Amino acid sequence: MYAKVKKSLPEMYAFTVCMWLKSSATPGVGTPFSYAVPGQANELVLIEWGNNPMEILINDKVAKLPFVINDGKWHHICVTWTTRDGVWEAYQDGTQGGSGENLAPYHPIKPQGVLVLGQEQDTLGGGFDATQAFVGELAHFNIWDRKLTPGEVYNLATCSTKALSGNVIAWAESHIEIYGGATKWTFEACRQIN
């Protein structure tokens with residue numbers, strides 16, 4: 001079960017990726033999303049596998065993220081990154097919880113790939129491993145080609161009317177194709193918060 005985003009990503013020198021996740025999976029929640037390009041299956045991947053912390057992979061380089069989300073509640077997470085010095089920041093529920101550098105520095109995110117929600121690609125658009133599948137619910141997946149400010153991230157996490165949609169990938173029913181019996185539901189987190 002997975003979803004495929006109908007658009008690819010452009011070449012990016014910075015990004016912010018944000019989404020709402022809900023899972024009670026143990027030991028790990030699996031792969032919320034993966035972006036593969038020709039010749040590099042792990043161009044941009046978010047994965048929590050086994051008892052490892054959640055990780056972001058860029059061009060197969062790894063940073064460990066301080067997320068704890070598998071409590072069966074909705075959580076808002078964002079990761080920002082810039083190619084300059086490979087600086088990254090991780091936000092959970094509107095608050096920055098970690099940061100680092102030297103994550104794939106000076107490597108632009110490559111265009112013309114395949115963006116999949118819920119599975120880890122070992123080959124372009126496929127090669128799925130059931131043990132790495134995302135177990136849970138995912139909503140409001142957005143990507144920007146710049147680093148959002150802490151205030152912009154906070155607005156997203158608190159369902160503020162000022163919250164922005166991704167300028168590269170914006171969450172919309174029409175942008176996502178589902179496969180293998182994945183189901184679509186109405187997203188409730190914002191209603192529960194407000």
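Bear in mind the structure is a predicted one, so any value in this text is a computation, not a measurement.
- In this structure the side chain of W81 reaches within 4.5 angstrom of the side chain of L103, judged on heavy atoms.
- The two residues P150 and Y91 make their nearest non-hydrogen contact at CG-OH, 3.5 Å.
- Between M19 and I77, the closest side-chain pair of non-hydrogen atoms falls below 4.5 Å.
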Please step through side-chain contact (heavy atoms from CB on, under 4.5 Å) for the pair V79 and T16, ending with a clear verdict.
CA-CA 6 Å; V79 179; T16 302; over 6 Å; no

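- A continuous path of Ile, Leu, Val, Met, Phe, Trp and Tyr side chains, each step under 4.5 Å between heavy atoms, connects L124 with Y179, placing both in one hydrophobic cluster.
- Placement of V135 and W49 in two distinct hydrophobic clusters is found when ILVMFWY residues are connected by side-chain heavy-atom separations under 4.5 Å, directly or transitively.
- Residues I143 and W171 form no side-chain contact, since every pair of their non-hydrogen atoms from C-beta on lies 4.5 Å or further apart.
- With 3.5 Å as the limit, one finds no donor-acceptor pair spanning the side chains of E152 and Y154.
- Two residues are said to be in side-chain contact when any heavy atoms from C-beta on lie closer than 4.5 Å; L115 and K4 fail this criterion.
- Under a 3.5 Å cut-off, the side chain of S160 and the backbone N or O of N155 do not form any donor-acceptor pair.
- Atom CD1 of I58 sits about 5.0 Å away from atom CD1 of I109, to the nearest 0.5 Å.
- Screening L44, V45, I47 against F33 for a side-chain contact (heavy atoms from CB on, under 4.5 Å) leaves a single residue, L44.
- Of all heavy-atom pairs between D122 and E120, the closest is OD1-OE1, 2.9 Å.
- Put simply, L138 and F67 are part of the same group of oily side chains (I, L, V, M, F, W, Y) that touch within less than 4.5 Å, one to the next.
- Under the 3.5 Å distance criterion, with hydrogens and angles disregarded, no donor-acceptor pair is assigned to the side chains of Y35 and N42.
- Side-chain contact of D93 with H76: a donor-acceptor pair under 3.5 Å is absent, judged by distance alone.
- The hydrophobic clustering, which links ILVMFWY residues whose side-chain heavy atoms are closer than 4.5 Å, places V37 and L9 together.
- Closest approach of I169 to S8, counting heavy atoms only: CD1-O, 4.2 Å.
- Within 6.0 Å of NZ in K184 there are more than 12 heavy atoms belonging to other residues, nucleotides or ligands.
- Under the 4.5 Å side-chain criterion, counting only non-hydrogen atoms from C-beta, N167 is not in contact with N142.
- Counting heavy atoms from C-beta on, the side chains of L65 and L46 come closer than 4.5 Å.
- For the 3.5 Å distance criterion, the side chains of E43 and H107 qualify, holding a donor opposite an acceptor.
- Of all heavy-atom pairs between F128 and G125, the closest is CZ-O, 3.9 Å.
- D85 and N102 share no side-chain donor-acceptor pair at under 3.5 Å.
- Distance check, rounded to the nearest 0.5 Å: OG of S165 to CG of L156 gives 8.5 Å.
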Run the side-chain contact (heavy atoms from CB on, under 4.5 Å) test on M54 and V29 for me, step by step, so that the C-alpha distance in whole Å, both residues' side-chain angles and the decisive distance to 0.1 Å come before the verdict.
CA-CA 9 Å; M54 194 167 268; V29 304; 3.5 Å; yes

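- For Q121 against S34, the heavy-atom pair with the smallest separation is NE2-O, 3.0 Å.
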Check against ring-ring contact (aromatic ring centres under 6.0 Å, His included), F15 and W144:
CA-CA 5 Å; F15 69 76; W144 293 260; over 10 Å; no

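- Side-chain atoms of K61 come within 3.5 Å of backbone atoms of N59 as a donor-acceptor pair (strictly under, hydrogens ignored).
- Across all their heavy atoms, A182 and M1 have their closest contact at N-SD, 3.6 Å.
- Taking the centre of each ring, W74 and F187 come in below the 6.0 Å mark.
- Around CD of E177, the count of heavy atoms belonging to other residues, nucleotides or ligands within 6.0 Å exceeds 12.
- More than 12 heavy atoms of other residues, nucleotides or ligands sit less than 6.0 Å from atom NZ of K6.
- Between the side chains of T31 and Q132, not a single donor N or O lies within less than 3.5 Å of an accepting N or O.
- K64 has a carboxylate O that lies under 4.0 Å from a charged side-chain N of E55, or vice versa, which qualifies the two as a salt bridge.
- Here the side chains of K110 and M12 are not in contact, with every heavy-atom distance at 4.5 Å or above.
- The shortest distance between side-chain heavy atoms of L21 and E137 does not fall below 4.5 Å.
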